[in-house]
Student: 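Starting off with a structure, shown below.
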Amino acid sequence: MAQNVVSRLLVIGNGFDLKCDLKSKFEDYYNNKDDMVKTLEKMNADFNNQNTDTKILQVDVLHIAGFPRYFANLNDNMKINFNDKNISFWDFYFYFHKGKLNNWADVEFFLNKLLMIKSHETHPELDIEKSLDMIVRLKHIRSDEELEGLKGNFTADRETLVLLFVLLNNLKYDIEKHSERYLYDFLFDELNKFEKSFNDYLKTLQNEKYKEKSQQLLNKLSSNERYNLLSFNYTTPCTKDSSCNIKRNIHGKLEDHPIIGIDSKNISSDSPVFRFTKTYRIMTLASEKQDKLLPKTVKTIAFYGHSLAPADYSYFQSIFDYYNIYDNDITLVFYYSIYDESKEQEIKRTQFNSVSKLMSEYGTTFHSEKGENLMHKMLLEGRLILKKL
């Protein structure tokens, strides 16, 4: 193959930056925000205090919304204006779940969990919009008897009450303006605040050391082939050598506006949630003309440092479709690194499971027997490879 022909597509995620010693984990972001964390820790401690039952939260939420209150409350001790401290709703929401957030794929999972509540068949308790609708309904009832009856049915789900408290008390959500559109406009603006804050944090990290290490790592991943680079990170690795033809940050880069979003699968374009999808948000970032990232000459698609989470399946399925990986001579290589030799088998097993889930999900899009044997076919042909870096 001619030297100047692109034969490899590199797909990198946050694990790439971590390998380059960039502190870009979810926990790193919070560790750098001392003032914010002190505030969030205090609030979490109060919310999780055993003496703070849901009755107090219920009454407090309703009082903030304009109803009378007759006993002790949290509000007097938690009058922290998030707007003054530049803390977004999503800063609080993600921190509230920080024990379950190991990587940015988990952040996207919880973003999806809150926004897509109505799509769940079981319709779990957590539903902020439904609860705000009920508050508005209560405010228009004139009968004291009916009012007290409905107040008794007001949400008792603890997490919903905590989030309502933060919205109304700390972020000054205007219940008088509440509507579905107003809520999602509000949450979208708050997401932009979170993204900007994270963007500002990342800008402080990129230095000459990162450039040097990122160039060395790309050299290893490219295997001396000419390549295009598809990055799911916001950072810009060094690509001074002539091997890199085109590079693209699919979710935006630090010079623009990084985005965090959810998968657009099963979300209608007229849904108020659609603007939170990666599909919509990437469209808003697209320039008038972009170079062709996926040339037909590609023979190897190499992944490194990516969680392969469901939120990004749509991207991978589109790439696999474009290259028709079932019939064409395309090799998929999933690189992984071992940070702790004692956990090598566990890391390999985790990587295999992630790859297996991705390929199985992609197989379901075939609607034929081909999809069921895709992974086995590629393994037999030596076109599906897990490789230690």
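Just so it is clear, the model here is predicted, and its values are computed rather than measured. Residue numbers run from 1 in the order of the sequence given.
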Student: Name the orientation class of the two ring planes belonging to Phe366 and Tyr362 (parallel below 30°, tilted from 30 to 60°, perpendicular beyond 60°).
Tutor: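 Rings of Phe366 and Tyr362: perpendicular, as their planes differ by over 60°.
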
Student: Taking everything shown except Lys33 itself, do over 12 heavy atoms lie less than 6.0 Å from its NZ?
Tutor: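 Result for NZ/Lys33: enclosed.
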
Student: Taking salt bridge (charged side-chain N to carboxylate O under 4.0 Å, His left out) as the test, write out the residues that go with Lys172, two or more places apart.
Tutor: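 Partners of Lys172 under the salt bridge (charged side-chain N to carboxylate O under 4.0 Å, His left out) test: none.
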
Student: Given side chains that start at C-beta, do those of Leu205 and Asp17 come closer than 4.5 Å, heavy atoms only?
Tutor: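 Answer no - side chains too far apart.
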
Student: May I ask you to establish whether Lys98 and Tyr95 are in a cation-pi arrangement, using a distance under 6.0 Å from NZ or CZ to the six-membered ring centre and at most 45° from the ring axis?
Tutor: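 So Lys98 does make the cation-pi contact.
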
Student: Look only at the side chain of Ser214 and the backbone of Tyr210, and say whether a donor-acceptor pair between them is shorter than 3.5 Å.
Tutor: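 Yes; judged by distance alone, with no hydrogens or angles, the pair exists.
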
Student: Determine yes or no for a side-chain-to-main-chain donor-acceptor pair under 3.5 angstrom, with Arg226 supplying the side chain and Ser242 the backbone.
Tutor: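 Indeed, once roles are kept as given, a pair shorter than 3.5 Å links the two residues.
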
Student: Listed by chain and number, what are the salt bridge (charged side-chain N to carboxylate O under 4.0 Å, His left out) partners of Asp84, not counting sequence neighbours?
Tutor: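 Result, salt bridge (charged side-chain N to carboxylate O under 4.0 Å, His left out) vs Asp84: none returned.
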
Student: Report, as yes or no, whether the 6.0 Å neighbourhood of atom CD on Glu381 holds more than 12 heavy atoms from other residues, nucleotides or ligands.
Tutor: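 Buried by this count: over 12 neighbours within 6.0 Å.
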
Student: May I ask you to decide if Lys193's main-chain N or O and Ser197's side chain share a donor-acceptor pair within less than 3.5 Å?
Tutor: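 Side chain of Ser197 to backbone of Lys193: no pair is present.
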
Student: Can you confirm whether the side chains of Asn199 and Glu195 place a donor and an acceptor under 3.5 Å from each other?
Tutor: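 Absent: no donor and acceptor within the cut-off.
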
Student: State whether Glu346 and Lys343 are salt-bridged, where the test is any N-O pair (Lys NZ or Arg NE/NH1/NH2 against Asp/Glu carboxylate O) under 4.0 Å.
Tutor: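 Looking at Lys343 together with Glu346, the answer is no, because their closest N to O distance does not fall below 4.0 Å.
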
Student: Assert yes or no for the condition that the ring centre distance of His306 to Phe316 is strictly below 6.0 Å.
Tutor: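 Yes, the ring centres sit under 6.0 Å apart.
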
Student: Just checking Lys211: does its NZ atom have more than 12 heavy atoms from other residues, nucleotides or ligands closer to it than 6.0 angstrom?
Tutor: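 Open.
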
Student: Step by step, would you call His63 with Phe165 a ring-ring contact (aromatic ring centres under 6.0 Å, His included)?
Tutor: CA-CA 10 Å; His63 175 72; Phe165 184 99; over 10 Å; no

Student: Please check if any side-chain donor atom of Tyr227 sits under 3.5 Å from a side-chain acceptor atom of Thr300, or the reverse.
Tutor: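 No donor-acceptor contact under 3.5 Å links the two side chains.
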
Student: Hey, is NZ on Lys25 packed in by over 12 heavy atoms from elsewhere, all under 6.0 Å?
Tutor: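 Counting neighbours around NZ of Lys25, 12 or fewer heavy atoms of other residues, nucleotides or ligands fall under 6.0 Å, so no.
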
Student: Quick one about Ser88 and Glu190 (side-chain donor to acceptor, distance below 3.5 Å, no hydrogens or angles considered), yes or no?
Tutor: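 No donor-acceptor contact under 3.5 Å links the two side chains.
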
Student: Between Phe188 and Tyr182, is the gap from one ring center to the other below 6.0 Å?
Tutor: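 No; Tyr182 has its ring centre 6.0 Å or more from that of Phe188.
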
Student: Suppose we screen for salt bridge (charged side-chain N to carboxylate O under 4.0 Å, His left out). Which residues come up paired with Glu372, at least two apart in sequence or across chains?
Tutor: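 Salt bridge (charged side-chain N to carboxylate O under 4.0 Å, His left out) check on Glu372 returns nothing, list empty.
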
Student: Does Glu108 pair with Lys278 as a salt bridge, N-O distance under 4.0 Å?
Tutor: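 Salt bridge flag = yes for Lys278 with Glu108.
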
Student: Compute both the distance and the angle, then confirm whether Lys296 meets the cation-pi test with Tyr322: under 6.0 Å from the six-membered ring centre, within 45 degrees of the axis.
Tutor: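 Satisfied, under 6.0 Å and within 45°.
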
Student: Without hydrogens or angle criteria, can the side chains of His97 and Asp106 be said to hold a donor-acceptor pair below 3.5 Å?
Tutor: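 Their side chains do not contain a donor-acceptor pair, so the 3.5 Å distance test is not met.
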
Student: Aromatic contact between Tyr30 and Phe94, with the criterion being ring centroids under 6.0 Å apart: yes or no?
Tutor: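 Ring-ring flag for Tyr30/Phe94: false, centres at least 6.0 Å apart.
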
Student: One thing to verify: whether Asp327 and Lys370 come together as a salt bridge, which I'm taking to mean a side-chain N less than 4.0 angstrom from a carboxylate O.
Tutor: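 Asp327 and Lys370: salt-bridged.
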
Student: Is a donor from one side chain sitting under 3.5 angstrom from an acceptor on the other, for Tyr184 and Asp189?
Tutor: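 Tyr184 vs Asp189: no donor-acceptor pair found between side chains.
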
Student: Assess, by modelled atom type and distance only, whether the side chains of Asn14 and Ser24 contain a donor and an acceptor separated by less than 3.5 Å.
Tutor: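 Judged by distance alone, the side chains do pair up.
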
Student: Assess the side chains of Thr277 and Ser264: does a donor N or O sit below 3.5 Å from an acceptor N or O?
Tutor: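 The answer is no; no qualifying pair exists.
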
Student: Do we get Lys387 above Phe334's six-membered ring, with its NZ or CZ under 6.0 Å from the centre and within 45° of the axis?
Tutor: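 Not flagged: Lys387 not positioned over aromatic ring of Phe334.
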
